[in-house]
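Below, each value reflects all heavy atoms present in this structure, side chains not excepted, and no hydrogens, waters or symmetry copies. Please read all numbers here as calculations on a predicted model, not as lab measurements. Within every chain, numbering begins at 1; the chains are lettered A, B, ... in the order of the sequence lines, protein sequences first and strands thereafter.
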Protein chains: 2
Amino acid sequence: MVSQQRARPGSRTPSVKDVAAAADVSLGTVSNVLNRPERVSPATRERVERAMADLGFVRNESARQLRAGTSRTLAYVMLDATNPFFNDVAQGIELAAEDADLSLFICNSNGRAEREETHLDRLLQQRVQGILITPVNADAPHLDEIARRGIPVVIVDRHRESDAFCSVGVDDVLGGRIAVEHLIEQGHSRVAFVGGPDSIGQVRERLEGARQIWAEFGRNPEDLVWLPTDALSVSEGRSAGERLAGIAARRRPTAAFCANDLLALGLLQQAVGAGARVPEDLAIVGFDDIEFAAAAAVPLTSVRQPRQELGRAAAKLLLDEATNPHHRHEQATFIPELVARASTANRSATQS
Amino acid sequence: MVSQQRARPGSRTPSVKDVAAAADVSLGTVSNVLNRPERVSPATRERVERAMADLGFVRNESARQLRAGTSRTLAYVMLDATNPFFNDVAQGIELAAEDADLSLFICNSNGRAEREETHLDRLLQQRVQGILITPVNADAPHLDEIARRGIPVVIVDRHRESDAFCSVGVDDVLGGRIAVEHLIEQGHSRVAFVGGPDSIGQVRERLEGARQIWAEFGRNPEDLVWLPTDALSVSEGRSAGERLAGIAARRRPTAAFCANDLLALGLLQQAVGAGARVPEDLAIVGFDDIEFAAAAAVPLTSVRQPRQELGRAAAKLLLDEATNPHHRHEQATFIPELVARASTANRSATQS
DNA sequence: GGGGTCTGTTGAAATGTTTCAAGACGTGTA
DNA sequence: TACACGTCTTGAAACATTTCAACAGACCCC
């Protein structure tokens, strides 16, 4: 009848004290059942456990944490929750956290520095055990401040010059190299690099790698044109596509290397929508190898990052820093690898 | 020099007590500065604030929560973090939480009931203010238990028979109707429904809607064929595509309505990869209208759910339940709408 | 029967904050 | 001068848990 029944009026949620009374033991014993069950005799333990079940006891984590001084949660501050890449990273972290019997608190800065700051503030207040973060700005000064407080911080998908933190990431320069090398092998002699803003470290490094290999093959630097974007998003990819289409045909690149897959998908969509054939008229390489890269109707060639593995490794470093007194900071660098698909199919091959 | 400098050995993180000592006021005054600044004189307030800054004081949320009895966080238990739809919902929740000055704790059950249970356990221990959840199973009994404890629970993207909870969702039957009506209008007389398992409420309802409109147009039920899948994922979409291709040409549906966009993208990929033209040989309609639907190289027609709005509305209901003593449970149902794109372009129209 | 050891159990202290009744102090009024 | 009133400030109690030194009792051995 009453559709919004709440807990009975007089009843608080029961505490250890209530359990102790119900099981007719002392407070300390209840706590022992919770934390060191082997120390209490089977008979008492069973009595206490029954009392807990009867009362519907749920341990109060705040009180536990206040007294014990240690929290049971890790946090990951994501850069962009709408980018599947970061969700895969998060999943890797989550798995590692699960193994260590910790909770993972996921926050999303959404690319906004001030939101990132709010999140970090709150995490500090919560006294989380450690923070994993893909920061908005590479030089986020808050992070140093946090590290100085003794809270482990691991930077994900980004590297710092300094060795003040652990970090995990992929060799972005190498990633840029293999992407463009692949395009060169496919016979392209005029290539676009799509990406930006260049405040983002990855963008700079991937471009750097592209330029390196381009030079090593003795190509003219002017034939590697950079189409800058304001963000690494699908819509920016589309707009880059329009700019690309605007270039006179004889000067237009026949291939594009995009700084991530979202850009590549946008570019692909724009190109196909405008009637271009992919890869015949325009070959496209993305970066990250998110699931949607393979699922695109013209499956996207991409530089794969070990997404989940990245998260897992980051979490491991964090846990080491949190528990191992001899911990030394470490920059874990993974090797990216090219996954060739239809969007760059060999130009001589016919497409079904 | 020392690359892993920690906080100075003897120093704990400072407490209100330390601040009080430094500012030469009582403990209570520091607390007032924190919670009712208007009650303390400007001079003292300034002194206390200076002391906080000097000491690098960070309020201990556990202690606050223990004493105040109320937490400042909401939680969302996601069903599948790799599905962009749920991330958009989460973003809507996050925005509403931000407005209410609450933190959002995001967990991911990943479709596993036991993981969901662990998360809920922990959330109970944390005494979160309320829980938003897209449950793995519609009848999750834990939820009743939690509600009975007086903790507000809102079900997201799913409806319950009972009115024991608030919930938000879209009219899935209507969604199925408009999707199939669109295909009928496009001249299709044999249509496939791709989706499963049918333990999922949305799948059942979307199919139900499809069948309703099919019947209302006087079509033969046998011409609406159901291709069941084991999950709502891209790879299941691909495999459904293979089964579809296996049907003899004269009996094969010319259009498919997929229970969500991931399935639709998988199906699209498989079809195009196998040489079929979309929409000429196979028209495809998805559901959710995730960003990647529009970005697919053959942009996907989809039934749009107001993704972010769904999250926002859910959070509002939760906050109402948490704060308004006269709260009544409410099932908010949004109206889905068809977004027509190239994957079902009018059959008579030529494709650019 | 005294001493030692081992196993379980206890009770009090401690954690960092908020709240609240009560106190201090100053100002204005009779 | 006494009193009332306002404005700030204070100190102690309370929140739910964990920890730890101390203790009770059982058992064994000489």
- Note on the structure: residues 102-138 of chain B vs ring pair (Phe, Tyr, Trp, His ring centres under 6.0 Å), sequence neighbours excluded, gives A:F105-B:F105
- Could you tell me which residues satisfy side-chain hydrogen bond (donor to acceptor under 3.5 Å, both in side chains) with A:R67, sequence neighbours excluded, listed by chain and number? none
- Query: Quick one: side-chain hydrogen bond (donor to acceptor under 3.5 Å, both in side chains) partners of A:N35, sequence neighbours excluded?
  - Reply: A:S31, A:R59
- Item | Interface limits on DNA chain D, where chain B has a heavy atom under 4.0 Å of a nucleotide atom | D:dC8 to D:dA16
- Item | Residues which pass ring pair (Phe, Tyr, Trp, His ring centres under 6.0 Å) with B:Y76, listed by chain and number, not counting sequence neighbours | none
- Note on the structure: Contacts of A:F85 meeting ring pair (Phe, Tyr, Trp, His ring centres under 6.0 Å) (sequence neighbours excluded), chain-then-number -> none
Can you give the donor-acceptor pairs under 3.5 Å from side chains of residues 46-58 of chain B to other protein atoms, not counting sequence neighbours?
residue : atom : partner : partner atom : Å
B:R47   : NH1  : B:A23   : O            : 2.5

- Task: Starting at the 5' end of nucleotides 11-20 of chain C, put B wherever the base has a protein heavy atom under 4.0 Å, S where only the sugar-phosphate does, and a dash everywhere else.
- Result: B-BBBBBBB-
- Query: Distance check: side-chain N/O of A:S41 vs OP1/OP2 of C:dT7, anything under 4.0 Å?
  - Reply: no
- Taking only residues two or more places apart in sequence, or in another chain, which ones meet A:Q331 in a side-chain contact (heavy atoms from CB on, under 4.5 Å)? A:H159, A:D163, A:S167
- Item | Global bending angle along the helix from C:dG1-D:dC30 to C:dA30-D:dT1, which compares the axes of five pairs at either end, to 10 degrees | 60°
- Task: Could you tell me whether A:D157 and A:R307 have a side-chain N and a carboxylate O separated by less than 4.0 Å?
- Result: no
- Message: Tell me which pairs pass salt bridge (Lys or Arg N to Asp or Glu O under 4.0 Å) where either residue lies in residues 124-135 of chain B, with sequence neighbours left out.
- Response: none
- Query: Can you list every salt bridge (Lys or Arg N to Asp or Glu O under 4.0 Å) pair that touches residues 19-38 of chain A, not counting sequence neighbours?
  - Reply: none
